[in-house]
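Please read the structure below before turning to the comments.
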Amino acid sequence: MIGNLPRKFIEKMEKLLGTEFDNFMSSYDAPRVYGLRINRLKLNVQQWKELSSKSGEARPVPWAEDGLYYNEGERPGKHPHYHAGLYYIQEPSAMAPVELLDVQPGHRVLDLCAAPGGKSTQIAAKLQGSGVLVTNDNAKERTKALAKNIELAGVRNAVVLNEEPAALAPVFTEWFDRILVDAPCSGEGMFRKDETMIADWEKHSVERCSVMQRDILNHAAAMLSPGGLIVYSTCTFSPEENEQQIAAFLAQHEDFIVEAVPHRFGWAAGRADLAGENVQLDAKRQQSINGTLRLWPHRIEGEGHYAAVLKRAGKTLTITVNNKADNGEGKVSGADFPEAHLPIRSKTKAVNEGTNRLRGGILKRNGDNREKYSNDRRSSKQQAAGGRDSSFRSAPEDANPIELWRLSAEQFASGALNWPGKLIAYGSRVYIQPADMPPLDGLRVVRAGWYVGEAGRGRMEPSHPLAMGLTRGEAIRSVNWSSAETQTLRFLKGETIFVEESEIIVQEGATNKGYVLVCTDGYPIGWGKYAGGMIKNELPAGWRWM
Ligand SMILES: C[S@@+](CC[C@H](N)C(=O)[O-])C[C@H]1O[C@@H](n2cnc3c(N)ncnc32)[C@H](O)[C@@H]1O
């Protein structure tokens with residue numbers, strides 16, 4: 001491996017590390033370590049250890065609440081628990097930045113450079129469903145994986161965006177309590193984990209990255225509320241992208257200070273002496289850069305990282321987001337979401353999901369589709385009460401997706417009409433958006449909230465992300481197989497499963513027939529549809545076990 005490292009890089013590291021250089025170089029011949037983080041939205045480490053036969057060998061990552069090291073051969077990505085979103089596979093050092101962000105339930109949090117979403121799922125677990133996570137990446141392709149990871153983790157209170165920070169800043173001015181800037185960087189700290197990063201090193205030159213980082217950080221500052229925190233992190237060693245970036249930021253933003261990170265667990269201090277001479281900082285502010293953090297692979301079990309905690313002066317406005325439901329009392333209808341709130345830029349494919357658009361609250365459909373709605377004029381309440389089996393097909397002729405959701409939601413999950421958030425329809429899809437979000441007009445929206453269902457064929461189909469965000473106890477119908485049973489794997493591969501009727505657990509008042517939440521070891525892996533002794537597989541193709 002050492003032989004593949006660029007000469008220029010080696011020379012630079014020798015200068016940077018002095019007497020530690022030899023130890024640093026020998027870390028490239030040491031075996032790399034592997035980490036996963038238990039998804040606290042679903043269960044805790046202890047509960048997972050009780051479920052998992054392999055967990056005995058997992059050791060805690062000292063700096064991450066739910067982080068564990070696992071052995072190389074274990075392949076946790078090939079286990080039903082992965083498909084149930086019980087953990088996220090994450091490099092151990094990459095778990096550190098979110099631990100420094102001090103996220104509390106109720107916070108408004110922005111993950112500005114978020115794809116593929118490792119740190120976003122970590123933030124979501126810390127929010128525990130209360131507050132808001134806005135997770136963004138400017139690379140459109142990468143937001144697909146980001147949205148998928150958010151949905152796999154069962155996150156209910158996130159909005160996924162695909163924007164430049166400059167477009168977000170006017171919409172979210174001083175809006176967030178916490179912002180993570182896990183910046184695009186030259187990746188020097190990842191050479192051991194991923195040798196392809198070495199080839200990219202020349203292309204993603206340090207100079208080019210540091211210009212991007214400065215711009216991203218400045219926009220982040222504009223979106224932070226007084227008293228709030230930004231964590232800036234990179235996976236590179238270069239001072240230009242680390243200490244020098246922080247020095248430039250402090251010089252430009254007098255209302256920010258470095259909040260010193262305790263240097264425990266083998267973590268090393270950032271280096272004020274590397275802050276460069278290009279910016280004018282008073283001695284105290286320059287020295288404060290020693291309170292940032294360097295993770296060196298020869299000092300810890302993890303790859304190379306850098307992190308700084310930046311606190312904005314001012315009184316912390318502890319914002320408790322109003323998580324009161326506003327979707328269950330008939331107050332919210334399509335008409336509350338005029339065109340202006342809908343997607344938006346024609347270049348944005350992801351938000352134009354489906355061909356129908358909600359106009360003034362009414363979904364315009366062609367005659368064919370319209371005929372699929374029955375002319376049932378029962379009240380919403382009557383329909384919902386009678387609607388806990390799959391024979392329920394009726395909706396008013398002019399029902400829009402939001403109305404359809406309200407009529408159907410409690411056929412899938414009890415309490416669904418009282419879930420916090422705002423109902424939003426984008427095309428035929430229905431989302432529950434965290435309360436208090438500013439209008440997202442003009443932004444490229446990948447997920448407007450928790451995607452819960454899609455209107456189609458005259459009825460509401462529950463979405464896969466709805467399944468992943470439920471607990472087994474909420475489901476009107478469920479079936480549960482252990483992760484070792486063949487049915488679990490067969491279901492994950494997309495097969496129809498034959499079952500005894502007695503295997504379907506049904507809430508009081510519901511029939512066996514209809515959507516069933518399929519679970520493994522008690523945790524959802526998708527929807528099936530039960531009728532006549534078999535569960536038809538509703539797992540979308542892109543979510544199946546390959
Ligand atoms: C280090 S990666 C993020 C990893 C992610 N935080 C995680 O834990 O999974 C940096 C990300 O920044 C994104 N990026 C690059 N320039 C950006 C910009 N101007 N605004 C937002 N994101 C950007 C890249 O597409 C990339 O996905």
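Numbering of ligands and ligand atoms starts at 1, following listing order. Computed from a predicted structure; not experimentally measured.
Geometrically, ligand 1 and P165 share no nitrogen or oxygen pair separated by less than 3.5 Å. On a distance-only criterion, N136 and ligand 1 share no N/O pair closer than 3.5 Å. The distance criterion of under 3.5 Å between nitrogen or oxygen atoms is not met by A183 with respect to ligand 1.
H263 places a side-chain N or O within donor-acceptor distance of the main-chain N or O of V261, the cut-off being under 3.5 Å. Side-chain N or O atoms of E243 include none that pairs as donor or acceptor with a backbone N or O of G276 at under 3.5 Å. No side-chain donor-acceptor contact under 3.5 Å links R214 to the backbone of A248. Without hydrogens or angle criteria, R40 side chain to V45 main chain gives no donor-acceptor distance under 3.5 Å. Not one N or O on the side chain of D177 forms a donor-acceptor pair closer than 3.5 Å with the backbone of G228.
Scanning the protein for heavy atoms near atom 19 (N) of ligand 1, the closest one is E164 OE1, 3.2 Å. Residue, atom and distance of the protein heavy atom nearest to atom 4 (C) of ligand 1 are A115 O, 3.1 Å. Of all protein heavy atoms, the one closest to atom 23 (C) of ligand 1 is N138 OD1, 3.1 Å.
Taking the six-membered ring for Trp and thresholds of 30 and 60 degrees, Y28 and F24 have ring planes more than 60 degrees apart, a perpendicular arrangement. Between Y82 and Y87, the angle of the ring planes lies from 30° to 60°, which puts this pair in the tilted group. Ring geometry for H79 versus H81: interplanar angle of 30 to 60°, hence tilted. Classification of the Y34-Y70 ring pair by plane angle, with boundaries at 30° and 60°, yields tilted.
The structure places CH2 of W267 at 5.0 Å from CG of L100, a figure rounded to the nearest 0.5 Å.
Of the options D137, V98, I123, the smallest heavy-atom separation from atom 24 (C) of ligand 1 is shown by D137. Proximity annotation for atom 9 (O) of ligand 1: of C113, G118, A167, G118 comes nearest, heavy atoms only.
Listed by number with element, the atoms of ligand 1 under 4.0 Å from a non-hydrogen atom of I216 are 17 (C), 18 (C), 19 (N). Counting atoms of ligand 1 from 1 in the listed order, those under 4.0 Å from a heavy atom of D182 are 1 (C), 3 (C), 4 (C), 5 (C), 6 (N), 8 (O), 10 (C). Atoms of ligand 1 lying under 4.0 Å from at least one heavy atom of A139, given by number and element, are 25 (O). Every atom of ligand 1 with a heavy atom of R142 under 4.0 Å away is listed here by number and element: 25 (O), 26 (C), 27 (O). Residue L112 has at least one heavy-atom neighbour below 4.0 Å for each of these atoms of ligand 1: 21 (C), 22 (N).
Within the structure, the closest approach of G187 to ligand 1 does not fall below 4.0 Å when heavy atoms are considered. At least one heavy atom of P116 lies less than 4.0 angstrom from ligand 1.
Neither the backbone nor the side chain of S120 has any atom closer than 4.0 Å to an atom of ligand 1 (non-hydrogen atoms only).
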